[in-house]
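Here is the structure we will look at.
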Protein chains: 2
Amino acid sequence: MSRTIRDGAHIDVARSAARLFLEKGVAGTSGDEIAEAAGISKRTLWRYFRSKESCVEPLFARMSQNLAAKLQKWPLDMTVERFLEINYDMSKIDAQEIEDSKLVVHLIARLEEEPALLEPWFMSTRATEDLMADVIATRLELSHTDFEVRLCAATVAAAMRVIDETISRAAVKYGQVPTVAESNDRLAQAIRRAATLPFCDPVTPRGR
Amino acid sequence: MSRTIRDGAHIDVARSAARLFLEKGVAGTSGDEIAEAAGISKRTLWRYFRSKESCVEPLFARMSQNLAAKLQKWPLDMTVERFLEINYDMSKIDAQEIEDSKLVVHLIARLEEEPALLEPWFMSTRATEDLMADVIATRLELSHTDFEVRLCAATVAAAMRVIDETISRAAVKYGQVPTVAESNDRLAQAIRRAATLPFCDPVTPRGR
DNA sequence: CACAATAATGACACTAAGTGCCATTACCTG
DNA sequence: CAGGTAATGGCACTTAGTGTCATTATTGTG
């Protein structure tokens with residue numbers, strides 16, 4: 001990103017912030033505490049983040065980027081279902097990433113009690129939307145600024161958000177942890193149904 | 001709402017805040033200025049709103065509630081297209097409401113330059129989502145907490161948001177003001193395409 | 001390697017957002 | 001009119017967030 005800021009500096013802070021938020025609530029956590037827990041000065045914290053709540057955004061962003069990285073490799077001649085099925089797991093060998101996922105799931109599960117977390121969560125959904133717009137535009141050979149593409153990206157991102165919220169709540173509050181295959185299946189179904197453009201099916205590069 | 005707070009006190013503040021935000025930007029407007037412009041004390045302002053940005057929420061909310069009021073009267077045996085066509089305008093005789101709409105359109109058109117306004121805007125979308133969940137649930141005789149209903153409400157609300165953003169930007173930045181009929185048509189189409197459940201078509205109360 | 005340029009950080013003072021507390025005022029009820 | 005409750009205002013206070021500048025780390029260059 002920038003020239004010399006250590007890669008991962010922001011997400012390290014995000015992890016500290018997330019743990020504090022989960023432990024003591026957003027209102028019960030001060031910026032100073034986050035800075036101290038992350039081992040940076042107060043001043044640097046506010047250079048990294050525009051607000052206390054936004055400190056957790058890098059965690060949400062990582063999930064998006066993760067998905068993005070996968071979707072980059074989605075072959076044009078494959079359905080979403082098949083693609084997600086094949087890609088199920090694979091990359092999730094990193095222990096850090098599993099830990100991050102847990103934090104994210106707990107944060108999402110707490111959205112109702114912690115409305116302050118809604119802002120970063122919605123910002124993340126917005127980022128996912130942009131991401132999906134690129135994916136859709138690429139598959140259908142359209143511009144990512146095209147109205148139809150924006151519309152489709154918005155509905156799909158919204159569907160993904162609902163899936164995330166549903167699964168996270170079920171996991172944290174009712175202990176219903178689905179298998180990765182189940183989650184992916186549910187996600188694929190929701191994406192397909194939410195889509196307003198046919199990007200979920202195989203597409204043919206040149207042909208009309 | 002509450003026992004003695006004057007009805008419309010909040011939205012009056014919202015109007016003052018919106019005008020100031022549009023004139024001098026969010027960052028360039030202080031809470032004190034908003035309070036002064038609205039003729040209330042600083043202290044009361046912070047009792048009304050949790051943050052500076054959220055001051056404009058009642059304006060967004062009014063648009064949602066407006067739509068909600070209409071949708072309450074959506075007959076079960078009518079399509080969205082027809083319903084919106086029939087309801088096009090009608091209620092918009094109130095001068096105040098036209099003024100409010102203008103403010104909202106300008107606020108939405110400025111979302112890119114004023115990311116601080118994204119939070120209240122997303123909150124409003126969330127409210128619309130809840131609203132649509134009720135409409136969908138009623139039409140399909142389901143619970144508004146049902147996963148399928150939530151999913152559909154989310155995609156539809158997202159579509160409505162994109163329409164609002166598109167139309168507002170086009171109007172403010174390129175002077176392309178569509179007729180009410182055009183807007184409604186576009187809205188109906190987007191809703192229908194975004195929907196994951198068949199609530200846009202006539203539904204039969206008891207049957208099946 | 002040394003040195004200059006530039007980017008990142010920290011320290012500290014400062015502004016402004018937002019809260020706690022309590023006295024005062026408006027409103028509703030009997 | 002009296003008395004209870006809800007809303008407001010004033011003021012002190014906390015904390016989120018910024019401006020400024022000196023210091024330190026990093027990178028590129030001869």
Side-chain angles (χ1 to χ4, degrees), chain A residues 1-58 107 113-123, chain B residues 1-58 107 113-123:
Chain A
M1 189 178 284
S2 55
R3 188 138 150 272
T4 48
I5 290 184
R6 179 176 61 81
D7 210 36
H10 288 74
I11 204 171
D12 278 349
V13 181
R15 283 188 265 261
S16 298
R19 274 188 277 267
L20 287 168
F21 287 172
L22 290 173
E23 188 191 332
K24 331 195 314 175
V26 178
T29 305
S30 72
D32 297 40
E33 287 176 287
I34 298 173
E36 197 189 337
I40 59 174
S41 78
K42 217 172 100 169
R43 191 62 189 84
T44 300
L45 178 72
W46 299 129
R47 263 196 277 263
Y48 279 11
F49 302 102
R50 69 184 179 287
S51 69
K52 197 170 74 169
E53 304 81 45
S54 70
C55 286
V56 298
E57 265 178 33
L107 288 173
E113 301 90 58
E114 292 281 8
L117 293 177
L118 282 173
E119 197 236 345
W121 177 231
F122 283 138
M123 289 301 180
Chain B
M1 190 178 283
S2 55
R3 189 139 149 270
T4 48
I5 289 185
R6 180 176 60 80
D7 211 35
H10 289 74
I11 203 171
D12 279 348
V13 181
R15 283 188 264 261
S16 298
R19 275 188 277 267
L20 287 168
F21 286 171
L22 289 172
E23 188 190 332
K24 331 195 313 174
V26 178
T29 304
S30 72
D32 296 39
E33 287 176 286
I34 298 172
E36 197 188 338
I40 58 174
S41 77
K42 218 173 98 169
R43 191 63 189 82
T44 301
L45 178 71
W46 299 130
R47 263 195 278 262
Y48 280 12
F49 302 101
R50 69 183 179 286
S51 69
K52 197 170 72 168
E53 305 79 45
S54 71
C55 288
V56 298
E57 265 178 33
L107 288 172
E113 301 89 59
E114 292 281 9
L117 293 177
L118 282 173
E119 199 236 344
W121 177 231
F122 283 138
M123 289 301 180

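The figures that follow rest on heavy atoms only: side chains count, while hydrogens, waters and symmetry mates do not. Chain identifiers are assigned alphabetically (A, B, ...) following the order of the sequence lines, protein sequences preceding nucleic acid strands; residue numbering begins at 1 within each chain.
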- [ ] Whole angstrom is fine here: how far is it from CD in B/Glu36 over to C1' in D/dG9?
- [x] 15 Å

TODO: Taking the side chain as every heavy atom from C-beta outward, state whether B/Cys55 and B/Leu45 have any atom pair closer than 4.5 Å.
DONE: yes

Open item on the list: For a quick test of reading the model, state the closest non-hydrogen atom pair linking A/Ser51 to A/Glu119 and the distance between them.
Closed with: OG-OE1, 4.3 Å

TODO: Could you tell me whether the side chain of A/Ile5 reaches within less than 4.5 Å of the side chain of A/His10, counting heavy atoms only?
DONE: yes

TODO: Determine the minimum heavy-atom distance between A/Glu114 and A/Val26, stating which atoms define it.
DONE: OE2-N, 3.2 Å

Task: Distance, rounded to the nearest Å, where A/Arg47 contributes CZ and D/dT23 contributes P - done: 16 Å

TODO: Specify the separation, in whole Å, of atom CD of A/Glu119 and atom P of D/dA16.
DONE: 15 Å

Open item on the list: With heavy-atom distances below 4.5 Å as the criterion, would you say the side chains of B/Phe122 and B/Leu118 are in contact?
Closed with: yes

Open item on the list: Does any part of the side chain of A/Glu57, heavy atoms only, come nearer than 4.5 Å to the side chain of A/Arg50, both counted from C-beta?
Closed with: yes

Task: Cationic N near anionic O, under 4.0 Å, A/Lys52 to A/Glu33 - done: no

Open item on the list: What I'd like to find out is whether the side chain of A/Trp121 reaches to under 4.5 Å of the side chain of A/Val56, using heavy atoms alone.
Closed with: no

Open item on the list: Measuring to OP1 and OP2 of D/dT8, would you say a side-chain N or O of B/Tyr48 lies under 4.0 angstrom away?
Closed with: yes

TODO: Give the rounded distance in Å between these two atoms: CZ of A/Arg6 and P of D/dT26.
DONE: 11 Å

Open item on the list: So if I take the C1' atoms of five pairs at each end of the helix from C/dC1-D/dG30 to C/dG30-D/dC1 and get each local axis, what angle do the two axes make, rounded to 10 degrees?
Closed with: 30°

Open item on the list: Rounded to whole Å, please give me the gap between CG in A/Leu45 and P in C/dA11.
Closed with: 14 Å

TODO: Starting at atom CD1 of A/Ile40, determine the distance to atom P of C/dA11, rounded to an integer number of angstrom.
DONE: 12 Å

Task: Separation of atom CG in B/Asp7 from atom C1' in D/dA7, rounded to whole Å - done: 15 Å

Open item on the list: Tell me the interatomic distance from B/Ile5, atom CD1, to D/dA6, atom P, rounded to whole angstroms.
Closed with: 11 Å

TODO: Side-chain contact test, heavy atoms from C-beta onward, threshold under 4.5 Å: evaluate it for A/Trp46 versus A/Arg43 and give yes or no.
DONE: yes

Task: Sequence-aligned protein contact record of nucleotides 12-18 of chain C, with B where the base is within under 4.0 Å of a protein heavy atom and S where only the sugar-phosphate is - done: B----SB

TODO: May I ask you to evaluate whether A/Thr44 reaches the phosphate of C/dT9, defined as a side-chain N or O under 4.0 Å from OP1 or OP2?
DONE: no

